[in-house]
A.B. asks: 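Please see the structure below; I have some questions.
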Amino acid sequence: MRELRLGINIDHVATIRNARGGAHPDPLRAAKIAEAAGADGLTAHLREDRRHISDYDMTRLTAELTIPLNFEMAATDEMLEIALSHKPHASCLVPEKREERTTEGGLDVAGGHNVLQSYVTSLKEAGIRVSLFIEPDPKQMEAAARLSADIVELHVGAYCDTTDSMKRQSELERIIQAAALAEEMGLECHAGHGLTYDTVGPVAAIPTIVELNIGHFLIGEAIFVGLETTILKMRRLMNEARSQVVA
Ligand code: PXP
């Protein structure tokens, strides 16, 4: 059975730090705790408005982490330059709007094909793996394959956020089909956005998904029981769901 990696998104440690403008709590410290708790990777999103992760955080993360860093970035020249200077393990291209509270939907790869190609090519030429954060939509996946992305990360927010069980099931079906299509197209498949202890199981049980990136819920839960405990529980739930999969 294929391994399922857990990537921890530490943006919201920086959100709390920035609420007071000082140095505490430090996202690098959170990253090191995640590393020690067995996380397979870290994710950080340097936004255009620097509302959470800062340029200095990026410098420290790339210098001090021993597990892979997934650098989330908008497809802009500024972010490309930063990615090329830090050379993270992977860059995940995401849509970014100043007024949004979080990354609200997937990247329109099908619509933005011409604009995105040069970013994908430059990152790949620098040896950075390229991931595209997209809706579980065949049209977007075909466009991602045409761009020669290495990875698609499926935005699972619609599945996680709904409280309607019928809608949740139909969103899960879309994710299952998209993950199967990724496999057919030779794209590595990741998933993320909004995952919690309650929603992670069915996604972790999809055999062609090899990485889950989880942030907000884990950082919030860590306030009550600590980051290590929270990560270990998420990992256990992922492993339990994965072990039920018939290979
Ligand atoms: N993956 C991507 C590409 C994201 O943009 C985010 C949110 O920043 C996540 C994963 C993690 O989502 P959440 O913080 O809701 O767990």
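Just follow the structure's listing: the first ligand is 1, and inside any ligand the first atom is 1. Counting from 1, the numbers follow the sequence of the chain as shown.
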A.B. asks: With M238, which of L195, V203, L6 fulfils side-chain contact (heavy atoms from CB on, under 4.5 Å)?
C.D. replies: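 Single side-chain contact (heavy atoms from CB on, under 4.5 Å) partner of M238 among L195, V203, L6: L6.
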A.B. asks: Please name the residue in the list R5, E153, H193 that meets the side chain to side chain donor-acceptor pair (under 3.5 Å) test with N213.
C.D. replies: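 Option passing the side chain to side chain donor-acceptor pair (under 3.5 Å) with N213: E153.
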A.B. asks: Before you tell me yes or no, could you show the steps for F71 and I82 under side-chain contact (heavy atoms from CB on, under 4.5 Å), namely the whole-Å CA-CA distance, both residues' side-chain angles and the distance that decides it to 0.1 Å?
C.D. replies: CA-CA 10 Å; F71 174 48; I82 294 169; 4.1 Å; yes
A.B. asks: Could you state the interatomic distance from SG (C160) to CG (L172), rounded to the nearest 0.5 Å?
C.D. replies: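 So the SG of C160 and the CG of L172 are separated by 10.0 Å.
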A.B. asks: So if I count the atoms of ligand 1 from 1 in the order they appear, which ones are less than 4.0 Å from some heavy atom of N213?
C.D. replies: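 So the atoms of ligand 1 that pass are 10 (C), 11 (C).
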A.B. asks: Should H216 be counted as touching ligand 1, given the test is an N or O pair under 3.5 Å?
C.D. replies: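 So ligand 1 has an N or O lying under 3.5 Å from an N or O of H216.
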A.B. asks: Out of all atoms in ligand 1, which are within 4.0 Å of some heavy atom of G194? Include the element for each.
C.D. replies: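 Every atom of ligand 1 under 4.0 Å from some heavy atom of G194: 12 (O), 13 (P), 15 (O), 16 (O).
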A.B. asks: Give the residue, atom name and distance (to 0.1 Å) of the protein heavy atom nearest atom 10 (C) of ligand 1.
C.D. replies: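 Protein heavy atom at minimum distance: E153 OE2, 3.3 Å.
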A.B. asks: With a 4.5 Å cut-off on side-chain heavy atoms, are L237 and E240 touching?
C.D. replies: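 E240 vs L237: side chains touch.
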A.B. asks: Among all protein heavy atoms in this structure, tell me which lies nearest to atom 5 (O) of ligand 1, with the distance rounded to 0.1 Å.
C.D. replies: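 For atom 5 (O) of ligand 1, the nearest protein heavy atom is E72 OE1, 2.9 Å.
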A.B. asks: Let me see the working for H190 and L154 under side-chain contact (heavy atoms from CB on, under 4.5 Å), right down to the final yes or no.
C.D. replies: CA-CA 6 Å; H190 300 179; L154 303 177; over 6 Å; no
A.B. asks: What I want to know is whether H45 and ligand 1 share at least one N or O pair that is separated by under 3.5 angstrom.
C.D. replies: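 Such a contact does not occur with ligand 1.
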A.B. asks: Return the residue, atom name and 0.1 Å-rounded distance of the protein heavy atom closest to atom 8 (O) of ligand 1.
C.D. replies: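 Checked against all protein heavy atoms, atom 8 (O) of ligand 1 sits closest to N9 ND2, 3.4 Å.
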A.B. asks: Based purely on interatomic distance, does G215 place a nitrogen or oxygen under 3.5 Å from a nitrogen or oxygen of ligand 1?
C.D. replies: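 Among all N and O atoms of G215, at least one is under 3.5 Å from an N or O of ligand 1.
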A.B. asks: Return the orientation label for the F133 and H155 ring planes: parallel under 30°, perpendicular over 60°, tilted otherwise.
C.D. replies: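 Correct class here is parallel.
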A.B. asks: Does at least one non-hydrogen atom of F133 fall below 4.0 angstrom from an atom of ligand 1?
C.D. replies: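 Heavy atoms of F133 do come under 4.0 Å of ligand 1.
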